[in-house]
Amino acid sequence: MSSGHWRREPTVSIKGQDSAIMAKGITKRSDDYSQWYIDIVRKAEMAEHSPVKGCMIIKPTGYGVWQKMQQHLDRLFQETGHENAYFPLFVPESFLKKEAEHVEGFAPECAVVTHAGGKLLEEPLVVRPTSETIIWSAYKDWISSYRDLPLLINQWANVCRWEMRTRLFLRTTEFLWQEGHTAHATHEEAEEETYRMVHIYQKFAEEYMAMPVHVGRKTDREKFAGALHTYCIEALMQDGKALQAGTSHHLGQNFAKAFEVMFQDKDKERKYVYGTSWGVSTRLIGAMIMTHSDDNGLVIPPKLASLPVVFVPIWRSDEEEAQVLGAARELTKDWDPLFYKIDDRDHYKPGFKFNQWELKGIPIRIEIGPRDVANHQIVAVRRDTGEKITLPMEGLREKLEAMLEDIQQNLLAQARKRVEENSYVVDSYEDYKARYEDGGFFHVFLDHENPAVEEQLQNETRSTIRCIPFNAQEEEGPCMLTGKPCKGRVIIAQSY
RNA sequence: CGGGGUGUAGCGCAGUCCGGUUAGCGCACCUGCUUUGGGAGCAGGGGGUCGGAGGUUCGAAUCCUCUCACCCCGACCA
């Protein structure tokens with residue numbers, strides 16, 4: 001491995017004694033959670049601010065995570081019959097206006113191009129905040145028979161939403177995402193698709209991100225502008241705030257009607273098609289950070305790590321350097337080059353490298369020095385537990401694979417435990433008001449069909465109904481606010 | 001929109017009140033030597049249109065006017 005491409009660590013100056021910043025330059029979570037988050041993003045070199053307010057530059061460490069997410073998700077999409085395509089960035093303004101609720105929801109946060117080529121455009125172009133309109137305008141030409149259905153398309157793209165308050169990865173003006181857009185012959189098929197995809201998101205969150213989520217339906221107040229209803233996955237961050245991590249929308253015939261997308265069915269009738277759309281974004285990177293990382297830096301679940309294993313060789317003399325590096329190279333000569341890296345930089349001491357790779361969240365660090373070479377062993381250090389484990393060189397690759405799997409499982413178990421410990425069943429509003437400020441998921445009876453109830457909850461406690469969970473127990477109880485009998489509990493929380 | 005604050009090297013800052021050689025300091029960076037099992041030491045070195053424009057002056061980072069950007073508080077919104 002050459003050492004020409006190693007990236008420099010950002011500088012951090014330590015302020016006065018009163019500062020919450022510790023020696024490593026990372027604020028402790030217990031001192032200031034949002035500052036901790038900013039420190040992790042910056043110190044682990046995931047992203048930085050761009051010259052344009054609210055936009056971000058995603059650096060290789062951050063983009064590497066996104067590429068792993070893309071890999072896994074793309075496979076899950078393709079396994080369920082979806083194909084990728086690409087639609088344009090610019091949407092004629094008139095398109096956006098064709099679906100009333102949709103335009104009302106998105107107009108305030110759209111960026112609009114009015115000039116191009118030095119001239120005023122005849123019709124302004126909206127930079128897509130989402131692509132339903134441009135895609136459905138194409139579907140009108142793509143669909144004419146029931147034989148064209150279902151149409152299962154996904155695209156990986158950037159979108160732009162002009163947000164007032166932004167935070168790296170969690171809410172940025174421009175972000176990367178995937179958006180699936182499907183068309184079906186019947187309401188039932190569209191419903192199946194909407195339901196299937198939200199569960200694919202759940203599978204991805206739990207099996208790949210090691211992030212437990214609740215799956216359920218959004219209230220009308222929180223649903224997508226233009227949808228009949230929205231399903232979602234909701235995760236709980238370490239500070240007790242909820243984060244919407246993915247959504248899947250049943251669009252009914254709303255966009256089909258707006259764009260006149262019809263098909264001739266077996267019964268010879270011409271009918272409007274039913275649609276769905278679903279998406280997850282680079283926000284998932286923020287979710288990953290706030291689910292697993294600690295005061296020492298980033299923690300990347302093995303399945304999202306573009307670099308799972310890093311070797312830190314240790315030597316004193318030139319002879320030892322040759323010996324140790326030689327042993328490391330010999331040991332790994334048949335390994336996949338994407339699986340590991342040997343950190344042979346000679347201008348940093350091993351201790352510095354330990355800290356740097358820890359900060360960057362690499363799942364396993366391997367220490368190999370003269371003593372190890374003599375004993376034909378290495379020392380593996382787990383990022384999740386910090387445990388140091390001496391392993392023989394024989395069969396190391398297989399042992400590391402097993403250890404990665406164990407780290408993945410342990411991270412999920414830890415996260416599950418944390419969510420369980422911060423989930424509460426509450427029956428009275430007084431009780432809720434006394435406890436909500438400490439964060440967590442609260443399972444309560446609430447008349448979620450009445451928007452005024454949710455509005456009051458939000459005004460008084462800055463909390464919202466995160467979802468009406470699919471797996472709620474069959475029980476009945478009085479609405480916490482109005483006393484009206486409700487079936488099943490909903491999940492409420494303060495959220496990002 | 002109102003009030004307050006800050007703009008000086010990649011990052012963090014001093015210098016500005018009271019104008020005066022070549023604008024400093026720490027970290028980072030480069031070179032060399034010594035180091036290397038949890039963030040090394042010493043020596044040398046590179047890097048600045050002092051946010052921008054205009055003015056006062058023999059002379060402006062420093063004084064005056066205008067302007068831009070960002071941050072905090074409030075208002076608005078959620």
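Fair warning: this is a prediction, and the values are worked out from it, not measured in the lab. FYI, side chains are in, hydrogens and waters are out, and symmetry mates aren't considered; it's all heavy atoms of this structure. Chain identifiers are assigned alphabetically (A, B, ...) following the order of the sequence lines, protein sequences preceding nucleic acid strands; residue numbering begins at 1 within each chain.
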Subject >> Identified pairing partner of B:rC63, criterion: Watson-Crick or G-U wobble below 3.5 Å >> reply: B:rG55

Original post:
Does a side-chain N or O from A:Lys349 land closer than 4.0 Å to OP1 or OP2 of B:rG39, or not?
Top reply: no

Subject >> Gap in Å between the two P atoms, one belonging to B:rG12 and one to B:rA28, rounded >> reply: 16 Å

Subject >> Touch class at under 4.0 angstrom, heavy-atom based, for A:Val312 against every strand present >> reply: nothing

Subject >> Integer angstrom distance from the C1' of B:rG47 to that of B:rG26 >> reply: 16 Å

Original post:
Under a 3.5 Å cut-off for both distances, is B:rC33 Watson-Crick or wobble paired, and to whom?
Top reply: B:rG41

**OP:** Rounded off to whole Å, could you give me the CG-to-C1' distance for the A:Asp318 and B:rU36 pair?
**Re:** 12 Å

Subject >> Donor-acceptor side-chain pairing of A:Glu394 and A:His376 below 3.5 angstrom >> reply: yes

Original post:
Side chains of A:Trp162 and A:Val112: does their closest heavy-atom pair fall under 4.5 Å?
Top reply: no

Original post:
When the P atoms of B:rU49 and B:rA9 are considered, how many whole Å apart are they?
Top reply: 8 Å

Original post:
Watson-Crick or G-U wobble partner for B:rU6, using a 3.5 Å limit on both distances?
Top reply: B:rA69

Original post:
Is a donor-acceptor pair below 3.5 Å formed from side chain A:Arg365 to base B:rG38, judging by atom type as modelled?
Top reply: yes

Original post:
Counting side-chain heavy atoms from CB outward, which of B:rU36, B:rG37, B:rG39 is closest to A:Asn355?
Top reply: B:rG39

Original post:
With a 4.0 Å cut-off on heavy atoms, is A:Arg371 in touch with a base, just the backbone sugar-phosphate, or nothing at all?
Top reply: base

Original post:
Can you tell me how far P of B:rC29 sits from CZ of A:Arg345, to the nearest Å?
Top reply: 10 Å

**OP:** Rounded to the nearest angstrom, tell me the gap between atom CD in A:Glu321 and atom P in B:rU36.
**Re:** 13 Å

Original post:
Side chains of A:Arg217 and A:Thr230: is there a donor and an acceptor less than 3.5 Å apart?
Top reply: no

Original post:
Paired with B:rC50: which nucleotide, if any, by Watson-Crick or G-U wobble criteria at under 3.5 Å for both distances?
Top reply: none

Subject >> Minimum-distance nucleotide to A:Tyr348 side chain [options: B:rG37, B:rG39, B:rC29] >> reply: B:rC29

Original post:
Do A:Tyr429 and A:Thr461 have a side chain donor and acceptor closer than 3.5 Å?
Top reply: no

**OP:** Could you check how far CD of A:Glu48 sits from P of B:rC70, rounded to whole Å?
**Re:** 17 Å

Original post:
How about A:Gln458 and A:Arg221: does a side-chain donor come under 3.5 Å of a side-chain acceptor?
Top reply: yes

Subject >> P gap between B:rG10 and B:rG51, integer Å >> reply: 13 Å

**OP:** Could you tell me the separation between the CD atom of A:Glu460 and the P atom of B:rA78, rounded to a whole number of Å?
**Re:** 17 Å

Original post:
Less than 4.5 Å apart, any side-chain heavy atom of A:Tyr340 and any of A:Ile342?
Top reply: yes

Subject >> Pairing partner of B:rC13 (Watson-Crick or G-U wobble, both distances under 3.5 Å) >> reply: B:rG24

Original post:
Between A:Arg316 and A:Arg221, which is nearer to the 5' end of RNA chain B once each is assigned its nearest nucleotide?
Top reply: A:Arg316

Subject >> Atom P, compared across B:rU21 and B:rU62: separation rounded to whole Å >> reply: 14 Å

Original post:
Tell me: CG of A:Asn459 to P of B:rA78, nearest whole Å?
Top reply: 9 Å

**OP:** Give none if B:rG74 has no partner; otherwise give the nucleotide forming a Watson-Crick or G-U wobble pair with it, both distances under 3.5 Å.
**Re:** B:rC1

Subject >> A:Tyr436 and A:Gln494: side chain donor to acceptor below 3.5 Å >> reply: no

Subject >> Check: B:rG39 base within 3.5 Å donor-acceptor of A:Gln356 side chain >> reply: no

**OP:** For nucleotides B:rA60 and B:rU65, find the distance between their C1' atoms and express it as a whole number of Å.
**Re:** 15 Å

**OP:** Identify which nucleotide among B:rU36, B:rG39, B:rG37 has an atom closest to any side-chain atom of A:Trp315, counting heavy atoms from C-beta outward.
**Re:** B:rU36

Subject >> Spacing of the C1' atoms in B:rC25 and B:rU34 (rounded, Å) >> reply: 27 Å

Subject >> Nearest-angstrom distance from the residue atom CD1 of A:Ile366 to P of B:rG38 >> reply: 17 Å

Original post:
Using the C1' atom in both, what is the distance from B:rU8 to B:rU16, to the nearest Å?
Top reply: 11 Å

Original post:
What is the distance from CD of A:Glu367 to P of B:rU36, rounded to the nearest Å?
Top reply: 16 Å

